[in-house]
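Everything on this sheet refers to the single structure shown next.
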Amino acid sequence: DGGITQSPKYLFRKEGQNVTLSCEQNLNHDAMYWYRQDPGQGLRLIYYSQIVNDFQKGDIAEGYSVSREKKESFPLTVTSAQKNPTAFYLCASSPDRARNIQYFGAGTRLSVL
Amino acid sequence: AQTVTQSQPEMSVQEAETVTLSCTYDTSESDYYLFWYKQPPSRQMILVIRQEAYKQQNATENRFSVNFQKAAKSFSLKISDSQLGDAAMYFCYIPYNNNDMRFGAGTRLTVKP
């Protein structure tokens, strides 16, 4: 089945720790995105990548980092510099530019211990 | 700044009735796409419908249709014959360009049996 797989489903972070959220897609899409969703709010763009080895900051990139070494994979690292990381994180992909439909993973819920 | 506004935090509808969710936006772009996404309790984002701004004809997908008023910058979603499975958060989404992709804050729809 084609789709986007996010793992883990739940993740806990200790103070001062970096954690990495995984996002893998087998849709052969060029573009991939990371969003953050806080309770009662819409999605805010963290980072996006239009092509392998290239990525751009979104609205709330501070405290986060990404890599795009393979077309299929776009991991997100939440660093210790992100002081309020508790949120629901969604990964998406689209065939090329942002104007196309975005397909979403099931999300990762990150909490702070 | 280009914005997307959903002015109805919550809406409710009786099963089998019709409900309209509103979305307004502000942009100087002339060519763009508009989307409605649904997020049920599972939190999986699901595409409901897509509209291309240069098309005058309103998009329709089964029981879901839009009323797109480009001059008024309005993009409402109409759900006909509402079903219990329609209960979810609904987000209006406009990717203005590769660097500016905006979700509204969402409308929580409750369907009463």
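Atoms considered below: every heavy atom in the structure, side chains included; atoms not considered: hydrogens, waters and symmetry mates. Here is how names work: the chains are called A, B, and so on, in the same order as the sequence lines, proteins then strands, and each is numbered from 1.
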For B/E52, is it the side chain, the backbone, both or neither that has a heavy atom under 4.5 Å from a heavy atom of chain A?
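For B/E52, neither part sits under 4.5 Å from chain A.
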Mind checking which of residues 73-91 of chain A sit less than 4.5 Å from chain B, heavy atom to heavy atom?
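Near chain B, by residue number: A/F88, A/L90.
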Counting only non-hydrogen atoms closer than 4.5 Å, can you tell me which residues of residues 106-113 of chain A sit against chain B?
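At a heavy-atom separation under 4.5 Å, chain B is reached by A/A106, A/R109.
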Shared hydrophobic cluster for [X] and [Y] (ILVMFWY, side-chain gaps under 4.5 Å):
{"X": "A/Y33", "Y": "A/F55", "result": "no"}
{"X": "A/I4", "Y": "A/L21", "result": "no"}
{"X": "B/Y93", "Y": "A/I60", "result": "no"}
{"X": "B/V48", "Y": "B/V13", "result": "yes"}
{"X": "A/I101", "Y": "B/M45", "result": "yes"}

Run the numbers on A/Q41 and B/F103 for side-chain contact (heavy atoms from CB on, under 4.5 Å), then give the verdict.
CA-CA 9 Å; A/Q41 297 188 30; B/F103 280 86; over 6 Å; no
Chi angles and distances behind the side-chain contact (heavy atoms from CB on, under 4.5 Å) call for B/Q39, A/F104
CA-CA 11 Å; B/Q39 188 179 43; A/F104 286 84; over 6 Å; no
Near A/R44 CZ, under 6.0 Å, is it more than 12 heavy atoms from other residues, nucleotides or ligands?
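Atom CZ in A/R44 is crowded, with more than 12 foreign heavy atoms closer than 6.0 Å.
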Enclosure of B/I46 CD1 (heavy-atom neighbours >12, cutoff 6.0 Å):
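Correct, the count exceeds 12.
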Calculate, to the nearest 0.5 Å, the distance between atoms CD and CD belonging to B/Q44 and A/Q6 respectively.
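Going from the CD atom of B/Q44 to the CD atom of A/Q6 covers 8.5 Å.
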Looking at A/Q102 and B/Y37, what are the two nearest heavy atoms and their distance?
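In terms of heavy atoms, the two residues are closest at O-OH, 2.7 Å.
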I'd like to check A/L45 versus B/R102 (side-chain heavy atoms, cut-off strictly below 4.5 Å). Are they in contact?
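They are not in side-chain contact.
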Show the atom names and distances, to 0.1 Å, of all donor-acceptor pairs under 3.5 Å that link a side chain in residues 76-87 of chain B to residues at least two apart or in another chain.
from  : atom 1 : to    : atom 2 : distance (Å)
B/S82 : OG     : B/E17 : O      : 2.8
B/D86 : OD1    : B/R63 : NH2    : 2.9
B/D86 : OD2    : B/R63 : NH1    : 2.8
B/D86 : OD2    : B/R63 : NH2    : 3.3
B/D86 : OD2    : B/Q83 : N      : 2.8

Just to verify, what does A/Y103 make a ring pair (Phe, Tyr, Trp, His ring centres under 6.0 Å) with, not counting sequence neighbours?
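Testing A/Y103 for ring pair (Phe, Tyr, Trp, His ring centres under 6.0 Å), a comparison that skips the adjacent residues, returns A/H29.
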